[in-house]
Structure formats: C-alpha cells, structure tokens
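Notes to accompany the following structure.
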Amino acid sequence: MSEAHFQSDAGLVRATGRLAVARSLAEVISILRDTARDIVGSDGIAVVLREGESCFYAAEDAIEPLWRGRRFPLAACISGWVMLNDETAVVPDIAFDHRVPIEAYRTTSMRSLVMVPIGSPEPTAALGAYWCTSVIPDDGTVCRLETLAHQAAVALIRIDTPAREGGPEAMSPPERATGQPG
C-alpha cells in the first residue's frame with residue numbers, strides 16, 4: 001500500500017476524534033472543511049446543509065471558489081439529490097450526469113465528484129468531494145468519504161439531543177455564513 005493511503009487513514013482517525021468531541025454544528029462544519037479534502041485526495045470539498053427545500057453550501061475547501069454561501073433548490077443539484085435519495089452519488093464526468101446542474105459547474109474547473117449524505121434515513125446535510133479531471137474514485141476513497149459523513153452524522157445527533165431535551169449543553173445557533181465555530 002502507498003504511503004498516501006496510510007496518511008489518509010491517519011487523517012480519518014484524527015477527524016473522527018475531533019468529531020467525537022465537537023460541540024456545535026459550526027464546529028462539525030469546520031472539521032469537515034479542514035479535513036475532508038486531504039482524507040480523500042480531492043481538489044475541493046463542500047459541506048452542504050439542507051434548509052427546507054434548499055441546499056445551502058455552508059463551507060468549502062478548494063483550489064478555486066465554488067459555491068460557498070449560495071443556495072440551490074434540492075431538486076436542482078446533486079447535493080439535493082443525495083439528500084432526497086439518501087444515497088451516495090459517484091459522478092466520473094459531470095458533463096454526462098443529469099443530476100448535475102452543468103451550468104453551475106461551467107465557471108469551475110471541477111469535472112468529477114462524489115457526494116455523500118450526512119444523516120440517515122433523512123439526511124440533513126451532504127459532503128462533496130470534487131476533482132478537476134474526469135476520474136472514477138476507488139472504493140477506498142468513497143468509503144473514507146462515507147465514513148467521515150457517518151461520523152459527522154453521529155456528532156450532529158449527539159449535539160442535537162441535548163438541544164431537543166432543553167439540557168444545559170443545548171446547541172448554540174450555527175454561524176452558517178462562515179462555517180466557523182462561535
């Protein structure tokens with residue numbers, strides 16, 4: 001196995017540890033933004049939140065600006081498709097996948113992606129990884145991204161439980177515009 005494979009696994013272990021002690025939605029977003037790109041070896045990542053019938057691109061780490069701060073209808077983008085179907089989408093070439101709004105990608109160099117839901121059976125977010133070339137990510141890459149998304153979902157459930165119960169550690173309002181912890 002390559003040295004990069006071990007670095008990615010170590011990065012996933014570190015990210016999982018950080019998610020296990022995250023105390024807010026903003027902190028979970030920050031952890032995903034800071035770690036996902038290195039874990040999967042992509043050119044960019046985006047953390048997308050479901051807001052009713054819209055997707056909100058809350059954070060990103062990419063070689064160029066993508067869609068941070070923008071909203072799209074759930075039915076009009078790949079992140080929405082992933083959340084509505086609770087299913088991972090692997091897109092080797094965005095030009096040939098009807099779920100991808102090609103117009104939104106024309107201003108970027110991104111050509112391939114993997115988008116995974118966060119939370120199941122009703123995802124509340126999605127995590128996307130993007131590449132500038134047409135690639136078919138290997139099973140290990142997809143698995144690492146899905147594992148990271150699963151750990152984020154566990155953290156969000158843990159954070160949300162006291163808020164629903166009105167306990168002293170209730171979740172503070174997220175800083176959605178920046179994706180930064182408060």
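If you're wondering where the values come from, they're calculated on a predicted model, not measured in any experiment.
- Partners of Ser120 by side chain to side chain donor-acceptor pair (under 3.5 Å), not counting sequence neighbours, listed by chain and number: Asp86.
- For Asp93, the side-chain contact (heavy atoms from CB on, under 4.5 Å) criterion is met by Ala95, Phe96, Ser134, not counting sequence neighbours.
- Screening residues 111-139 for ring pair (Phe, Tyr, Trp, His ring centres under 6.0 Å) gives Trp67-Tyr130 as the qualifying pairs, with residues at least two apart or on separate chains.
- Every residue meeting the side chain to side chain donor-acceptor pair (under 3.5 Å) condition with Ser109, not counting sequence neighbours, appears here in chain and number order: Glu64.
- Partners of Asp61 under the salt bridge (Lys or Arg N to Asp or Glu O under 4.0 Å) rule, at least two apart in sequence or in another chain, are Arg37.
- A search for salt bridge (Lys or Arg N to Asp or Glu O under 4.0 Å) contacts involving Glu122 returns nothing, not counting sequence neighbours.
- Residues satisfying the side-chain contact (heavy atoms from CB on, under 4.5 Å) criterion with Cys143, sequence neighbours excluded, are Thr147.
- Residues that satisfy the side-chain contact (heavy atoms from CB on, under 4.5 Å) test with Pro65, not counting sequence neighbours, are Glu60.
- Judged as a salt bridge (Lys or Arg N to Asp or Glu O under 4.0 Å), and not counting sequence neighbours, the contacts of Arg99 are Asp97.
- Applying the salt bridge (charged side-chain N to carboxylate O under 4.0 Å, His left out) test to pairs two or more places apart or on separate chains, those with a residue in residues 104-121 are Glu103-Arg106.
- In this structure, the side-chain contact (heavy atoms from CB on, under 4.5 Å) partners of Val154, at least two apart in sequence or on a different chain, are His150.
- Scored by the side chain to side chain donor-acceptor pair (under 3.5 Å) test, Thr16 finds no partners at all (sequence neighbours excluded).
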